[in-house]
Amino acid sequence: MKSKAPKPKPLSRFNYTVARQQILDTIRRIPKGKVASYGQVAFAAGWPGRARLVARVLGDVEASDGVIPWQRVINAQGKIAIPKDSPGHRTQIRLLKAEGVVFLNGKVSFERHGWQPGDPSPLLD
DNA sequence: AAACTGACGTGAT
DNA sequence: CATCACGCCAGTT
């Protein structure tokens, strides 16, 4: 059998405004020195399977959203999701290194820095 | 309305 | 480990 069935998800008309707020709140809970993948954030925010929604929200994020530790969200491969050439790419690496995140071969080890929703929520860090 | 575009994820090659 | 192909989702063209 080759079915993959990661179990999509029914769900009906969601509200981008609401979803965005939940996603940003979730990201705010990631402690300094830790990282989470897009899919992980989506799941923790209550939108399983919406990794791309998280990406979109982060892309739209502005100063008006307050302090969002956006740099702590990377892809499931432990790599920076922003295009290599983009200036944001280097910025993200700089910010993460500044908080103690270690890069090995351009990748972050979830084993070492992976955030778990059960961890204490600094809520400010 | 159809096609295209991504700061995604996963399994196969 | 690098690529590719798909699946998925919401916003843009």
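First the proteins, then the strands, lettered A, B, ... as listed; each starts at 1. None of the values given here were measured: they were computed from a predicted structure.
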Do [X] and [Y] come close enough that some side-chain heavy atom pair is under 4.5 Å?
X	Y	result
A:Trp47	A:Val54	no
A:Leu96	A:Arg72	yes
A:Pro69	A:Ile27	yes

Do A:Gln71 and A:Glu99 have side-chain N/O donor and acceptor atoms under 3.5 Å apart?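 A donor-acceptor contact under 3.5 Å links the two side chains.
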Grab the [atom1]-[atom2] distance between [X] and [N] for me, whole Å please.
X	N	atom1	atom2	value
A:Ile30	B:dA7	CD1	P	19 Å
A:Gln40	B:dA7	CD	C1'	16 Å
A:Leu58	C:dC9	CG	P	19 Å
A:Phe43	C:dC9	CZ	C1'	17 Å
A:Ile23	C:dG11	CD1	P	11 Å
A:Trp47	B:dC8	CH2	C1'	17 Å

A:Gln92 side, atom CD; A:Ser86 side, atom OG - distance, nearest 0.5 Å: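 The CD atom of A:Gln92 sits 9.5 Å away from the OG atom of A:Ser86.
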Straight-line distance of A:Leu58 CG to A:Tyr38 OH, nearest 0.5 Å: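 Separation between the atoms: 5.5 Å.
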Side chain of A:Lys107 (C-beta onward), nearest among B:dG9, C:dC1, C:dA10: C:dC1
Footprint string (nucleotides 1-6 of chain B, 5' to 3'): B base within contact, S backbone only, - free, heavy atoms under 4.0 Å: -----B
Give a yes or no on whether A:Phe43 atom CZ has more than 12 heavy-atom contacts from other residues, nucleotides or ligands under 6.0 Å away. no
I need the single residue from A:Ile68, A:Val35, A:Val73 that forms a side-chain contact (heavy atoms from CB on, under 4.5 Å) with A:Ile30. Which is it? A:Val73
For a quick test of reading the model: is some side-chain N or O of A:Ser37 closer than 4.0 Å to OP1 or OP2 of B:dG9? yes
Do A:Arg20 and A:Asp60 meet the salt-bridge criterion of a basic N to acidic O distance under 4.0 Å? no
Between residues 77-97 of chain A and DNA chain B, which residues have a heavy-atom gap below 4.0 Å?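 By residue number: A:Gln77, A:Ala81, A:Ile82, A:Pro83.
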